[in-house]
Structure formats: C-alpha cells, structure tokens
Amino acid sequence: MRTLKNTLLAFITALTLLAVPLSYAADSAAPAAAAPTAAAPAAAPAAAVAPAAAVNPADLPINWHAVGMFLAFVAVTLIITYWAAKRTKTATDFYAAGRGITGFQNGMAIAGDYMSAASFLGIAALVYMNGFYGLIFSVGWLVGWPIILFLIAERLRNLGKFTYADVASFRLQQGPVRTMAAVGSLIVVIWYLIGQAVGAGQLLHTLVPQISYRQSIIIVGTLIIIYVTFGGMKATTWVQIIKAGLLLGGATLMAIGVMAHEGFSFEKLFADAVAIHPKHLEIMKSVVPIGAKANPIESISLGLTLMFGTAGLPHILMRFFTVTDAKAARKSVLYGTCFIGYFYILTFIIGFGAIVLVANNPEYVADLSKSILALKGGGSMPAVYLSHAIGGDFFLGFIAAVAFATILAVVSGLTLAGASALSHDIYANVIMKGKATEAQEVWVSKICVIGLGILAILLGMAFEKQNVAYIVALTFSIAACANFPILVLSVFWRGLTTRGAVLGGYTGIFGSIGLLIIGPTVWTKVLGNGPAIFPYDFPTFVVLPAVLIVAFLASVTDNSESAQKERAAFNAQKVRSETGLGSEVGASH
Amino acid sequence: MSEYSSNRIQNNPKYHQLVSQRDTLAWTLSAIVCVMYFGFILMIAFAPDFLTQPLSADTVIPVGMPIGVGVILVSCILTAIYVRQANSVFDPLTDEIIQESLK
C-alpha cells in the first residue's frame with residue numbers, strides 16, 4: 001500500500017508541476033483572447049443573457065487584491081488539506097470525514113456545497129436581467145430542503161454508509177440497483193462539473209485577464225485533485241465551511257452596501273431599479289424571462305425540477321453520512337436551510353442593487369450605445385461589478401476570491417461524490433461484490449478523483465465556446481426524475497422491487513436526457529435544428545410521473561422469489577431507518 | 001443489527017407510536033410546504049396578473065415579492081418546528097425503544 005501511496009503522491013506532484021507549462025502550451029495553440037461565452041449564469045437556462053464583450057488582457061491591470069486574497073484562500077485550504085490528510089486513514093475518514101462532523105458544521109458545509117457560483121452569480125445575474133423572475137429560482141431552490149429534512153435526511157443517515165446508492169439498494173439486488181444509481185449520480189456529477197469548470201475558467205480569466213481560460217481551468221482542476229485525494233471528505237468539508245462563511249459574509253456586506261446606498265428603503269431600491277432598467281416596470285411583472293411568452297406548463301415543470309432536484313443531488317445527499325448520527329443530520333438541515341434561505345434573499349437584493357449601481361455605468365457596461373445592461377466580461381458579472389461599485393478594488397478582489405473559492409468548494413464536493421459512486425458502488429460492490437478491502441477501495445477512489453479531475457479539465461476546455469445553459473436543466477432533471485423518486489420509494493414503499501427500481505431509475509435518466517435533447521435548449525439553441533420536437537425546457541412534469549408509473553407497474557407485476565424476499569426485508573429496513581439501530585456509528589465526542 | 005432486536009422492536013407498541021407520530025408530522029409539514037410552494041408556482045402559471053399587481057397604489061413592489069420571500073421564511077420556520085419536535089419527543093422515544101429491545 002505504501003508504494004501505491006508514494007506513486008500516487010509522485011503522480012500528483014508531477015501533474016501540479018506540469019500544469020503551468022502545459023497550460024501555456026495549450027494557449028499558444030488556441031486562438032488568443034477568447035471571449036467568454038454568454039452562458040455563464042448556468043442558473044438561467046431560458047434567460048436572455050447579454051452577449052459577452054471581449055476583454056483584452058493588455059487593457060487591464062492585475063487586480064492584486066483579488067490575486068492576494070485568492071492565494072491566501074489557497075494557502076489556508078492547502079494547510080487544512082495537509083492537516084486532514086494526516087487524519088484520513090480509513091474509508092470512513094475518506095468518504096465521510098470519520099462521521100465526526102457536527103450538525104452546525106455540516107449545516108455550513110451543506111450551504112457551502114449548495115451555494116454554487118451559479119446560484120450566487122447566476123441568480124444575481126438573472127435578477128439583474130429579469131427582475132422578479134429570479135425570485136422563482138430562489139424559492140424553488142430552497143423548498144427542496146424542508147422536504148429533505150422531513151422525509152430523507154435522518155433515514156439516509158440511518159441506512160447508508162457512503163453513497164445514496166447504499167440506501168436505494170439496501171434490501172434490493174446490489175448489482176443492478178447500484179449500477180443504475182451510480183449512472184444517475186455520475187451523469188449529474190459530470191455535467192455539474194462541466195458547468196462549474198466553464199464558469200471557473202470564464203470568471204478567473206475575466207477577473208485576472210493575464211490568466212487565460214485554459215490556465216484557470218487547469219488551476220481549479222489541480223487544486224481540487226490535491227484537496228480531495230489527500231484530504232478526502234475532511235478537507236472537502238472544511239473547504240466548504242470556510243467558503244460558506246466567506247460567501248455569507250461577502251453577500252451580507254454587499255446587501256448592506258446596496259441598502260445603505262438606498263437609504264435602507266426597499267421601496268427606494270425597487271423604484272430606482274424600475275427607473276434605470278430599460279424594461280422599467282416589466283421587471284416587477286416578469287413571471288417568465290423578459291421577452292419570453294408566458295407558459296404555465298413550463299412554470300410548473302420548472303417548479304417540480306427545482307424542488308425535487310435538490311433532494312436528488314448526490315454530492316448533497318453524501319453530506320448526511322459525515323455527521324455523527326441522525327440527530328446531527330437533522331440539525332444540519334435546519335442550519336443549512338436557514339443559511340441558504342438567508343443567502344437567496346441577499347442575492348435578490350444584490351441583483352436589484354446591480355441594476356441601480358452597475359447598469360448604465362460606463363465603467364462596467366461594454367457599449368452604452370447598444371445596451372445599458374450588457375457588461376464587460378459577460379453575463380455573470382453583475383454581482384462582481386456591484387462589489388466594485390460598493391467597495392472599490394479591494395472589495396471586488398474579496399468577492400472575486402470568494403466566487404473562486406465557491407467554485408473550488410463545489411467542484412471538490414462533486415468530485416468526491418463522483419469518485420465514491422465509481423469506487424464504492426461500481427468497484428467495491430458491483431465488480432468486487434463487496435470483497436474489496438478498505439484500502440483497495442480508498443485507493444481506487446483516489447484514482448477516480450484524479451480521473452474525474454482531469455476529465456473536468458478536459459471537458460471544461462472542450463466546452464469553452466459551447467452554450468452550457470442547459471446544464472442546470474439537465475442535472476436537476478435527472479436528480480429530480482431518477483435519484484429522488486427511487487430513493488423515496490425504496491425507503492417508504494414496501495412494494496418496490498429491484499425490477500421496479502432499475503426500470504424506474506433508467507426511465508428517469510434516459511427520459512430526461514432524451515426529452516432535453518429534443519427540447520428547445522439543445523435541439524434549437526445548441527444543435528440549431530429548428531423548432532423543438534418537445535416544446536419544454538424542463539421535462540420533469542412528464543418524466544417524473546412516468547418514473548413513478550414504471551416503478552409501480554414493474555414492481556407489482558414482479559412475483560419472483562427475489563421480489564418476495566425484497567418485500568419481506570422491508571420491515572427490518574424500516575426499523576433501522578426509523579430508530580437508527582444498527583446504523584453506522586459516528587465518532588464520539 | 002441482530003434480527004432478534006429488530007423483531008422485538010417491531011412488536012413494541014412504542015415503535016408503532018413513534019412511526020405513526022413522526023410520519024404524521026413529517027407528511028403534514030411536507031404537504032404544507034408543497035401546497036405553499038405549488039400554490040406560488042400555480043399562481044405564476046395561471047394567475048400572473050394577481051402576483052404582479054403592485055401592493056398598493058404608491059409602490060412598485062408586486063404582491064408576489066412578499067409571497068415569495070414568505071415561502072422562504074415559512075420553509076425555514078417549518079424545519080425548525082420539525083427539529084424541535086424531533087428533539088423533544090421522537091429522540092427520547094427512540095432511546096426507550098432501543099433500550100427495551102436490548103434488554
């Protein structure tokens with residue numbers, strides 16, 4: 001094992017050292033001064049986003065505040081990784097931080113995992129462009145949390161070990177159910193990673209133009225490989241806790257800055273925004289993106305996707321295995337929900353503040369003669385420029401560093417969740433049928449972390465010029481249509497059998513992907529095939545009921561001997577899920 | 001987990017009391033969140049004019065804004081209610097059930 005560990009160490013060090021020259025080589029091959037694409041606020045699949053303006057690196061001085069604060073964050077997180085690496089010995093340490101995370105810490109980490117750059121910069125940008133419409137996303141992304149608490153969190157902690165597939169396959173056949181769950185997890189994780197990598201590349205390149213898009217992605221990829229392979233869940237958790245603290249603090253200061261400018265009057269804030277925004281009072285009436293036609297079915301489908309998608313994200317579900325017991329799992333959702341709710345209310349203020357302070361300001365707007373909204377550096381910049389309008393270069397540097405820390409933390413959590421699906425579900429339980437040693441399993445998952453990190457770098461580069469606006473719809477749809485219903489059915493419905501879970505799960509995965517491909521975002525906007533065959537951006541309102549029907553019919557018609565046994569095993573599963581008797585014990589305090 | 005303890009728990013009336021009490025609370029609160037949220041979503045879908053009308057004649061703030069923020073705040077309050085109830089009622093009951101199953 002020792003030699004393996006050393007090989008791994010040498011490999012990662014080499015990778016880190018190679019990263020910088022490689023990225024220079026990659027750049028000289030690429031067209032110079034790439035303009036960030038307009039799709040940055042991945043939170044806004046249907047939103048009209050302003051076209052990006054090219055940033056010429058020579059024009060802008062280095063923002064030393066941003067660079068300094070970013071380096072300080074990296075230094076602190078690397079020290080934490082070193083500390084965590086010395087304390088990460090077992091599989092439980094690696095995947096679940098030794099189950100020693102408290103409810104409050106996990107609540108912060110949940111908030112850190114969930115408040116991605118897409119939701120910070122994205123919701124602010126959505127509000128900046130569309131006003132009221134952004135609130136629908138804030139509300140939808142919050143209401144999944146109470147559902148997670150009431151129905152999932154404690155039972156997940158009581159039944160599972162490292163992944164949500166542990167729970168879904170608890171009394172079902174390990175091979176097929178875990179494979180399905182791992183496929184669902186991996187598709188969500190990989191596409192979420194692409195969105196984050198593209199966002200990281202655009203953001204860092206825009207803020208520090210001397211660092212190119214590709215270099216930015218390589219820096220992000222290399223850092224998260226280091227955090228996760230060495231520090232496992234302990235380092236990942238602490239990166240998320242620190243980032244959540246910085247983000248909540250930064251957003252609070254920005255909101256206070258906006259309110260101070262507006263004399264602490266919401267009335268004045270909204271009135272000023274209406275006066276400045278080119279669409280004026282329309283921003284208070286936008287129930288769909290400004291310019292789009294009202295579409296009741298789309299609104300309902302979006303609502304379903306946001307709410308239930310949250311409860312099916314693998315990197316979020318994984319957080320519940322890090323706490324000491326079900327009680328801590330429960331508390332952590334309460335803290336997490338309050339932090340996230342508070343944060344979303346702040347992003348709403350920040351978005352309106354940006355209309356007042358950033359729009360129509362020649363310092364930030366690309367070309368005032370064309371549009372007073374379109375900003376230098378692309379559609380995700382309103383919150384970043386707002387920080388400059390409020391607190392100058394220093395505050396801009398701080399917020400930029402926070403946004404970057406946000407991406408690092410979310411990518412770390414995603415990578416670990418993806419690696420655990422590959423190593424714990426596919427390798428240890430499907431291929432090795434539970435016979436792998438703990439050391440082998442951890443070793444495989446570290447290899448998977450490196451693989452996923454490199455994959456994220458490559459895909460991030462490949463998708464540089466692509467329109468990635470469909471990513472949120474894709475990941476949340478699969479999470480809402482495959483992961484969430486199968487998880488809930490396996491825990492609450494005695495009748496669910498392996499056949500029902502597998503057929504239902506694949507219906508969710510392939511149904512979502514298929515309808516997204518023939519839907520407006522991919523069919524029309526990405527592929528340019530003309531009018532979409534399936535006219536809705538979010539397929540959840542069709543796929544979710546289909547999954548429930550397929551899972552139900554496939555289960556009740558299953559009278560095989562194994563199905564009988566699976567139903568009979570429900571009582572014992574229920575005792576464990578309700579009382580925690582026999583569940584994985586946490587570290588004592 | 002021994003099968004013996006598990007069977008003893010299934011025969012313990014307190015276990016069924018715990019499950020039914022917790023299920024009642026959890027599903028009731030879930031229903032409240034869903035009704036509240038999908039009420040908001042259905043208004044967006046079918047009654048946008050109601051949501052987008054100004055709160056009063058001298059303001060630009062639409063009715064939907066306090067409703068949306070209200071959904072967020074009520075969600076937080078409901079999670080707090082569940083946690084409180086679980087800490088004060090469900091946890092002691094669970095401890096009793098586990099103790100009795102080990103006797």
Side-chain angles (χ1 to χ4, degrees), chain A residues 132 135-136 138-140 142-143 145-151 154 266-267 270-271 273-275 280-281 283-288 294-300 302-304 306-307 326-327 330-331 333-334 336-338 340-342 344-345 348 492 571-572 574-576 578-583, chain B residues 1-3 5-7 9-10 15 18-19 22-23 25-30 32-34 36-38 40-46 48-49 51-54 58-62 64-65 67-69 71-76 78-80 82-84 86-87 90-91 94-95 97-98 101-102:
Chain A
F132 178 79
L135 187 65
I136 301 171
S138 299
V139 174
L142 188 89
V143 289
W145 285 102
I147 302 296
I148 290 178
L149 172 65
F150 304 150
L151 303 180
E154 297 167 79
F266 283 106
E267 189 59 60
F270 295 126
V274 166
H280 301 295
L281 207 53
I283 61 169
M284 288 294 168
K285 299 185 182 300
S286 53
V287 292
V288 290
N295 187 336
I297 293 177
E298 188 80 278
S299 296
I300 293 168
L302 170 70
L304 284 168
L306 296 179
M307 182 182 213
K327 185 176 177 144
R330 180 201 303 152
K331 262 197 209 160
V333 188
L334 174 60
T337 309
C338 293
I340 295 166
Y342 170 69
Y344 281 160
I345 291 173
F348 198 62
F492 286 99
N571 280 342
K574 189 163 172 73
V575 167
R576 176 162 161 177
E578 296 288 340
T579 63
L581 189 71
S583 65
Chain B
M1 171 175 59
S2 75
E3 211 170 302
S5 305
S6 180
N7 287 337
I9 287 179
Q10 286 175 48
Y15 167 69
L18 171 75
V19 171
R22 181 156 54 198
D23 276 359
L25 180 71
W27 289 101
T28 309
L29 292 176
S30 301
I32 295 173
V33 172
C34 286
M36 189 173 71
Y37 173 61
F38 286 106
F40 179 64
I41 293 291
L42 288 174
M43 276 196 278
I44 286 168
F46 296 109
D49 294 340
L51 280 184
T52 56
Q53 64 181 324
D58 53 354
T59 180
V60 297
I61 299 176
M65 210 176 275
I67 294 182
V69 173
V71 173
I72 292 178
L73 294 179
V74 173
S75 296
C76 293
L78 293 180
T79 55
Y82 178 86
V83 169
R84 212 183 129 166
N87 285 345
F90 303 149
D91 280 352
T94 308
D95 288 344
I97 292 165
I98 290 180
S101 78
L102 299 174

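Every value quoted in this text rests on a predicted model; they were computed, and no experiment measured them. For the numbers below, each heavy atom of this structure counts, side chains included, while hydrogens, waters and symmetry mates do not. Letters A, B, ... mirror the listed sequences (proteins, then strands); counts begin at 1.
Proximity to chain A (any heavy atom under 4.5 Å) is restricted, for B:F40, to the side chain, taken from C-beta onward. Both the backbone and the side chain of A:F270 come within less than 4.5 Å of a heavy atom in chain B. In this structure, the portion of A:L151 lying under 4.5 Å from any heavy atom of chain B is its side chain and not its backbone. Contacts of A:I300 with chain B are made by both backbone and side-chain atoms, with heavy-atom separations under 4.5 Å. Interface residue B:N87: backbone and side-chain heavy atoms are both found under 4.5 Å from chain A. With a threshold of 4.5 angstrom between heavy atoms, B:L73 approaches chain A through side-chain atoms but not through N, CA, C or O. Neither the backbone nor the side chain of A:V333 comes within contact range of chain B; no heavy atoms are under 4.5 Å apart. For chain A, the nearby part of B:T94 is the side chain; its heavy atoms alone come within less than 4.5 Å. Only the side chain of B:L18 comes within less than 4.5 Å of a heavy atom in chain A; its backbone stays farther off. For a residue to count as touching a neighbouring chain, one of its non-hydrogen atoms must lie under 4.5 Å from one of that chain's; by this rule A:I297 does not touch chain B.
To the nearest 0.5 angstrom, A:I340 atom CD1 is 9.0 Å from B:C76 atom SG.
At a threshold of 4.5 Å between non-hydrogen side-chain atoms, the residues A:V274 and A:I283 count as touching.
Among all heavy-atom pairs drawn from B:F46 and A:P296, the shortest one is CE2-CB, 3.5 Å. Taking both residues in full, the closest heavy atoms of B:G64 and A:L135 are given as O-CD2, 4.0 Å, listed atom of the first, atom of the second, then distance.
Counting heavy-atom neighbours within 6.0 Å of A:F266 CZ, excluding the residue itself, gives a total of 12 or less.
The salt bridge (Lys or Arg N to Asp or Glu O under 4.0 Å) search around A:E298 returns none, not counting sequence neighbours. Listed by chain and residue number, nothing satisfies the salt bridge (Lys or Arg N to Asp or Glu O under 4.0 Å) test with A:K285 (two or more places apart in sequence, or in another chain).
For chain B, the option among A:A326, A:G580, A:A294, A:G140 with the highest count of heavy-atom pairs below 4.5 Å is A:G140. Contacts with chain B were tallied for A:K327, A:E578, A:M284, A:R330; A:R330 has the most, counting heavy-atom pairs under 4.5 Å. Chain A forms more heavy-atom pairs under 4.5 Å with one residue of B:D91, B:D58, B:V71 than with any other, namely B:D91. Interface summary for chain A: among B:I72, B:L78, B:T59, the most heavy-atom pairs under 4.5 angstrom belong to B:I72. Between chain B and the residues A:L142, A:V287, A:T337, A:V143, the largest count of heavy-atom pairs under 4.5 Å involves A:V143.
Each of B:V19, B:I97, B:I9 was compared with A:V575 under the side chain to side chain contact (heavy atoms under 4.5 Å, CB included) criterion, and only B:I9 meets it.
The main-chain N or O of B:S75 is never found under 3.5 Å from a side-chain atom of B:Y37 such that the two would form a donor-acceptor pair.
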